[in-house]
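Below: one structure, written as structure tokens.
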Amino acid sequence: MAGVTAATPLPSFPSAAESADAVLLGLDPEQREVATTLRGPVCVLAGAGTGKTRAITHRIAYGVRAGILQPASVLAVTFTNRAAGEMRGRLRGLGAAGVQARTFHSAALRQLQYFWPRAVGGDLPRLVERKIQLVADAAARCRVRLDRNELRDVTGEIEWAKVTQSTPADYPAAVRKAGREAPRDPAEIAQIYGMYEQLKRDRVMIDFEDVLLLTVGILEDRPDIADVVRSQYQHFVVDEYQDVSPLQQRLLELWLGDRDSLCVVGDASQTIYSFTGATPDHLLDFRTRYPQATVVKLVRDYRSTPQVVHLANGLLAQARGRAADHRLELVSQREPGPDPVFTEYADEPAEAEGVARRIRGLIDAGVPAGEIAVLYRINAQSEVYEQALADAGVPYQLRGAERFFERVEVKQAIANLRGAARFGANDAVLDDVVELPAQVRAVLSANGWTPQPPAGSGAVRDQWESLAALVRLAEDFSRGRSREVTLADLVVELDERAAAQHAPTVQGVTLASLHAAKGLEWDAVFLVGLTDGMLPITYAKTDEQIEEERRLLYVGVTRARLHLGLSWALSRSPGGRATRRPSRFLSGLRPGFRAGGSRSPGASGVIERGRARGRRGPVLCRVCGRTLTDAGEMKLMRCEECPSDMDEGLYERLRDWRAVQAKALGQPAYCVFTDKTLMAIAEAVPHEEGELAVISGVGGRKLDRFGADVLAICAGQEPGEGEGADA
């Protein structure tokens, strides 16, 4: 070769083996075993925070780099587009571009679109964009009236029936066998289900579940097409295998054929979606189906501190059932951190305010707001935490749910209350009803509120919880008033609350249900509302349903990296009877308490008593001197009916100043001061720090940050630049 002499060394390049081995660097022994076991069936039992995605992506990359796996021959499937996208990104970074990482539905739809002309002929039927409208049409054909929330629930039942491969005729028996509580008469749902299928055929349409069903049908009926698919995909990886439905499992079996090049990853202790048809049985039966399978357990937890892991292990140690028999004992790989804090509060508002104070303290100590989460069982619990965080000046974002006052049922309910406030005298429903809470109950009964919650879960239950929250708010609003409050007063209060919380989405504390938190993690997690009746939820009746509730709490605990708070309230509202009890799942885990309530000094953690609201003592009306109990009155420091001497011009100047500060900080206005706090300042017109500090909603931190500006504005002077403007 020209230019190369015998004395010139040739450049060296890493061999395929050396390039593949580089992928294994940094893996622990168990992850390395997963990555290097490329032959035969492999079952990876991976606990929370143990690096399962790292293990399986490195497994694929190792096989590709070693020349054992061709990228185009590998299909990795998971359950969300987010997870599939993350997997593709990791594989590209590891030099394994070209591997297909998709959801079950995405992979099936791609095959269906390609093979439909060959298997059936013509164009693939149109995919239903809004299934709920088709269900509504089917219900109308069956002469069954369903409201919006009932439509969502019946649609969910049809989806469950299809993924469990139950026909309309089979549905009632399938519901009984599964111990499932249907939202309506199963025979009625079966009739709607049958009509729904007929309408799809008449309109030449398919739904999301049909994508799987039709792909299964084609692969079963056309061996030639099945052979083409199997020649394309020869190696399969399935993430979150505990969430596979019977229909997805059937599709996977057809993709595989008589081969066994399959790697599944899952954790039976994180099975929390059985209501959608998911079952851990396929994961737990894997070794029965494949006796020669290699089984690897990942138990080294890289996410959470030993204190958090100890609590998670203790929670599962009390579990019962088949999934519990296969639980994994996690071993934290992190340095020790603070103990979990268990806190008991007198009532729900005190719990929300206490959690908000703790969050404010963490943020002040340097924990980013985006690394903090408040997790609850149902979305209707969010409102009190939205309010408490707003009052504490903490930005927040809701995940997996609309803000409370943006929910359709809440908007409609407030509209009905507003109409009743205007024209109530002509409303026969309100005849002889004087007390405000009774009036609210009467009005909201037309929206679906009933004294007792509906059976089961689903959209109807979610709607009822939202309406029940409005009823409770009305009860709290009317309690302790010296005068009789009206519906018009309540509507004004609701409008003010809604306005204070209609802030743009910001990078802040996450508020989410436990289900929506799956797959996520934060530095600090607050698990709230942990009472019997909420967790486990009231409608969890069977042993398996209750155990799934325990697994839901386990998922919540394992979201925390460092800080973990668990709390509950003994009553719903201030002054209420303390009839609630901490969740039975906490028995034996709280410091000083064994299962059954006996003392257990060895339990890990810290237990506290949440302080009551109004720690600074009774707040007196500055006009008449009466003791104030309502939160809105306490913020204004006067009774609602007492005359206001607010300086309107000062109030507007404060609002203009607040808008500038909020823009400079990149936060919503309420994080500087809420409207009611500004109103209280404009009424009190403080001249010194001491007078400003006693106004509810100011606090030491805001006094230091904004006090000089506020006092300058109150004195009729131009404010300085202020610390907030430089933040």
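Small disclaimer: the values here were computed from a predicted structure and weren't measured.
- Scored by the salt bridge (charged side-chain N to carboxylate O under 4.0 Å, His left out) test, Arg581 finds no partners at all (sequence neighbours excluded).
- Under the rule for a salt bridge (charged side-chain N to carboxylate O under 4.0 Å, His left out), the partners of Arg184 that lie at least two apart in sequence or sit in another chain are Glu150, Glu188.
- Between Tyr273 and His515, the distance from one ring center to the other falls under 6.0 angstrom.
- Using the six-membered ring where Trp is involved, Trp160 and Tyr171 have ring planes that are perpendicular, over 60° apart on the 30 and 60° scheme.
- For Glu157 and Lys162, the salt-bridge test fails: no basic side-chain N is under 4.0 Å from an acidic carboxylate O.
- Put simply, the side chain of Arg141 reaches to within 4.5 Å of the side chain of Leu199, judged on heavy atoms.
- Side-chain N or O atoms of Glu351 include none that pairs as donor or acceptor with a backbone N or O of Val528 at under 3.5 Å.
- Side chains of Asp207 and Tyr196 form a contact here, defined as non-hydrogen atoms less than 4.5 Å apart.
- Phe673 is linked by a ring-ring contact (aromatic ring centres under 6.0 Å, His included) to Phe706, counting only residues two or more places apart in sequence or in another chain.
- Here Arg550 pairs with Glu547 under the salt bridge (charged side-chain N to carboxylate O under 4.0 Å, His left out) rule; sequence neighbours left out.
- Side-chain atoms of Glu652 do not come within 3.5 Å of backbone N or O of Glu648 as any donor-acceptor pair.
- Salt bridge Glu548/Arg551: present, at least one basic N to carboxylate O contact under 4.0 Å.
- Checked by atom type and distance alone, the side chain of Glu549 pairs as donor or acceptor with a backbone atom of Ile537 at under 3.5 Å.
- Applying the salt bridge (charged side-chain N to carboxylate O under 4.0 Å, His left out) rule to Asp364 yields the partners Arg360, Arg701; only residues at least two apart in sequence or on another chain are considered.
- The main-chain N or O of Ala278 is never found under 3.5 Å from a side-chain atom of Ser245 such that the two would form a donor-acceptor pair.
- Closest approach of Tyr193 and Ala161 over heavy atoms only: CE2-CB, 3.6 Å.
- Of the possible polar contacts, none joining the Gln412 side chain to the Glu409 backbone as a donor-acceptor pair under 3.5 Å is found.
- One finds the CD1 atom of Ile132 at 5.0 Å from the CG atom of Leu151 (value rounded to the nearest 0.5 Å).
- A donor-acceptor distance shorter than 3.5 angstrom exists from the side chain of Arg559 to the backbone of Leu520, with no hydrogens or angles considered.
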side-chain hydrogen bond (donor to acceptor under 3.5 Å, both in side chains) evaluation trace for Thr486 with Asp489:
CA-CA 5 Å; Thr486 66; Asp489 295 328; 3.2 Å; yes
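- For the side chain to side chain donor-acceptor pair (under 3.5 Å) test, residues two or more places apart in sequence or in another chain that qualify with Glu209 are Lys131.
- Between Thr343 and Arg358, some side-chain heavy-atom pair lies under the 4.5 Å cut-off.
- Here the side chain of Thr538 pairs a donor or acceptor atom with the backbone of Gly533 at under 3.5 angstrom.
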